[in-house]
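As structure tokens, the structure follows; a few thoughts come after it.
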Amino acid sequence: MYIPYGRQWIDEDDIQAVVETLRSDYLTTGPKVEEFERSVADYLGAKYAVAVSNGTAALHVACLAAGIGEGDEVITSPITFVASANCALYCGATPVFADINPDTYNIDPEEIRRKITPKTKAIIPVHFTGQPCAMDEIHAIAKEYNLIVIEDACHALGADYKGQKIGTLSDMTVLSFHPVKHITTGEGGMIMTENEELYERLKLFRTHGITRKPSQLEQCDGPWYYEQQVLGYNYRITDIQCALGISQMKKLDAFVARRREIAARYDQAFGAMEGIKVPFQAEGCHNSWHLYVIQVLDKNRKEVFDSLIERNIGVNVHYIPVHTQPYYRAHGYAEVVCPNAELVYSRFISLPMYAKLSEEEQDYVIEQVKSLI
Ligand SMILES: *Cc1c(COP(=O)(O)O)cnc(C)c1O
């Protein structure tokens with residue numbers, strides 16, 4: 001028996017949905033793409049959604065739609081997957097890392113303020129583990145300095161902030177449907193927005209910068225006519241993937257509820273232990289628990305980690321602070337320090353967290369962690 005840190009939950013009806021699409025007229029862009037976009041948008045109460053090939057592509061097109069380019073600075077968290085910062089580099093812009101709050105592990109609004117320069121164009125807050133960032137404070141800063149906010153909500157599908165679902169709060173919100181995330185399409189991503197102009201630009205960048213929409217064309221030579229108006233990409237998602245996504249969306253509430261149960265059981269098991277710091281619960285927020293991350297306070301993190309792996313528990317560490325990656329060090333970030341991010345990184349372990357984790361499996365994880373701390 002091997003217990004991974006995360007994995008998908010696929011039922012027979014998910015498989016049937018994919019098979020039906022394989023028998024249909026459309027393998028790629030067909031009716032399933034819009035149906036999937038609609039199902040996620042309706043769930044979140046969002047106006048517009050654009051589905052793309054993965055979460056990283058979603059971040060990239062969001063930056064492009066926001067007009068981020070050469071000379072711009074984009075502030076994000078160091079405790080995230082590299083894609084949250086790489087998307088700025090793809091556009092020729094410069095990622096700037098603002099340190100995290102040591103309790104929530106999310107980007108600290110005061111640190112954002114300290115990093116603002118006349119070149120700052122956007123903030124990409126990351127809802128680490130599914131815990132919403134301090135969005136009111138971040139929006140206040142964005143308003144003051146006229147910045148765009150693109151939420152990286154790849155961990156936070158189903159989370160809510162002060163009674164509102166993550167997905168409608170900012171200019172754009174990005175999701176991923178990688179198999180370890182709340183729902184999966186194999187590979188897939190989506191951008192939510194309330195802004196029609198951004199919606200049109202997102203669609204343009206998704207497909208080579210090409211439009212066929214009569215109202216957008218500069219001229220029209222005939223029914224075959226289309227125009228490439230900007231430099232876009234092929235970031236399309238397939239109908240096959242979206243059929244899986246539509247089927248998975250029906251289970252999202254159950255998946256999130258199960259993740260919350262698992263988190264509560266871990267909290268119960270470790271909350272009183274001196275050697276472990278369990279995740280912090282921010283006021284008014286409802287985490288959707290993509291990850292369950294503990295800090296190992298007294299013991300050597302690597303020894304605990306290695307022992308858990310030896311016992312067939314697929315623990316992981318999220319994340320190595322992005323500015324310390326060799327690529328970033330070699331490209332101007334060698335002197336950057338984010339003390340809070342670097343400290344928690346040295347103590348973090350991500351425990352198994354996925355809807356299909358059984359109580360017996362979780363009991364085994366708890367027992368083994370307790371025996372090592
Ligand atoms: C998963 C993830 C991404 C990228 O998503 P992909 O679909 O794997 O490209 C971006 N940011 C964060 C925080 C993620 O967890």
Side-chain angles (χ1 to χ4, degrees), residues 6-62 64-65 83 151-158 165-168 172-194 196 198-208 210-213 232-256 288 290 354-355:
R7 66 159 297 162
Q8 69 278 15
W9 183 329
I10 300 290
D11 293 318
E12 206 46 49
D13 60 331
D14 296 309
I15 295 168
Q16 271 315 311
V18 172
V19 169
E20 275 168 35
T21 304
L22 285 169
R23 295 188 205 284
S24 78
D25 290 338
Y26 293 96
L27 297 186
T28 189
T29 317
K32 296 294 176 195
V33 176
E34 270 187 40
E35 195 182 329
F36 182 41
E37 289 170 342
R38 219 42 265 161
S39 77
V40 180
D42 288 348
Y43 178 86
L44 299 176
K47 203 155 179 188
Y48 302 107
V50 177
V52 294
S53 47
N54 56 67
T56 305
L59 283 164
H60 187 191
V61 292
L64 291 167
E151 291 173 51
D152 182 338
C154 291
H155 293 191
L157 180 56
K165 281 250 157 56
I166 292 292
T168 57
M172 289 176 274
T173 302
V174 167
L175 300 170
S176 163
F177 309 117
H178 180 279
V180 296
K181 307 287 164 70
H182 293 84
I183 63 159
T184 191
T185 57
E187 294 278 357
M190 200 177 282
I191 311 98
M192 323 303 302
T193 183
E194 301 301 294
E196 188 178 1
L198 288 173
Y199 172 61
E200 293 299 337
R201 282 172 66 76
L202 289 165
K203 287 194 294 181
L204 204 56
F205 283 110
R206 169 174 65 183
T207 313
H208 309 279
I210 286 175
T211 181
R212 294 172 179 276
K213 210 174 162 181
Y233 295 83
N234 176 358
Y235 282 164
R236 292 189 305 260
I237 188 167
T238 66
D239 257 37
I240 304 167
Q241 292 166 303
C242 290
L244 178 55
I246 294 160
S247 179
Q248 289 263 296
M249 272 306 287
K250 296 176 189 153
K251 302 159 194 181
L252 175 58
D253 276 335
F255 288 169
V256 172
S288 61
H290 163 54
Y354 49 94

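Atoms considered below: every heavy atom in the structure, side chains included; atoms not considered: hydrogens, waters and symmetry mates. Nothing fancy with the numbering, it's 1 onward along the sequence.
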Quiz item: Picking from His178, His182, His290, what satisfies ring pair (Phe, Tyr, Trp, His ring centres under 6.0 Å) with His155?
Solution: His290

Quiz prompt | Greater than 12 external heavy atoms within 6.0 Å of Tyr233's OH | solution = yes

Exercise. Write down the atom of Thr185, the atom of Ile237, and the distance for their closest heavy-atom approach.
Key: OG1-CD1, 4.2 Å

Practice problem: For residues His208 and Asn234, determine if any side-chain heavy atom of one lies less than 4.5 Å from a side-chain heavy atom of the other. | Solution: yes

Self-check item: Beyond-backbone contact of Tyr354 with Val180, side-chain heavy atoms, under 4.5 angstrom
Solution: no

Quiz prompt | Glu194 side chain to Lys47 backbone, donor-acceptor under 3.5 Å | solution = yes

Quiz item: Passes side-chain contact (heavy atoms from CB on, under 4.5 Å), Leu22 versus Ile240? Steps please.
Solution: CA-CA 7 Å; Leu22 285 169; Ile240 304 167; 3.8 Å; yes

Quiz item: Is Arg38 paired with Glu35 through a side-chain N to carboxylate O contact shorter than 4.0 Å?
Solution: no

Quiz prompt | Met249 side, atom CE; Phe36 side, atom CZ - distance, nearest 0.5 Å | solution = 7.0 Å

Quiz item: Between the main-chain N or O of Leu157 and the side-chain N or O of Ser288, is there a donor-acceptor pair closer than 3.5 Å?
Solution: yes

Quiz item: Are any of the side-chain heavy atoms of Asn54 and Ser176 separated by less than 4.5 Å?
Solution: no

Quiz item: Between Thr207 (side chain) and Ile210 (backbone), is there a donor-acceptor pair under 3.5 Å?
Solution: no

Self-check item: Heavy-atom side-chain proximity of Ile15 to Ile10 below 4.5 angstrom
Solution: yes

Quiz prompt | Side-chain heavy atoms of Glu37 within contact of Glu34, under 4.5 Å | solution = yes

Quiz item: Relative to Tyr26, does Lys32 satisfy both conditions: NZ or CZ under 6.0 angstrom from the six-membered ring centre, and within 45 degrees of the ring's axis?
Solution: no

Practice problem: State, with a plain yes or no, whether a side-chain heavy atom of Val61 is found less than 4.5 Å away from one of Val50. | Solution: no

Quiz item: Any sub-3.5 Å donor-acceptor pair from Ser247's side-chain atoms to Leu244's backbone N or O?
Solution: no

Practice problem: Please confirm whether the backbone N or O of Ala51 pairs with a side-chain atom of Arg206, one donor and one acceptor, at under 3.5 Å? | Solution: yes

Quiz item: Any side-chain heavy-atom pair from Lys251 and Asp14 closer than 4.5 angstrom?
Solution: yes

Quiz item: Should Thr173 and Thr168 count as side-chain neighbours, where that means a heavy-atom distance under 4.5 Å?
Solution: no

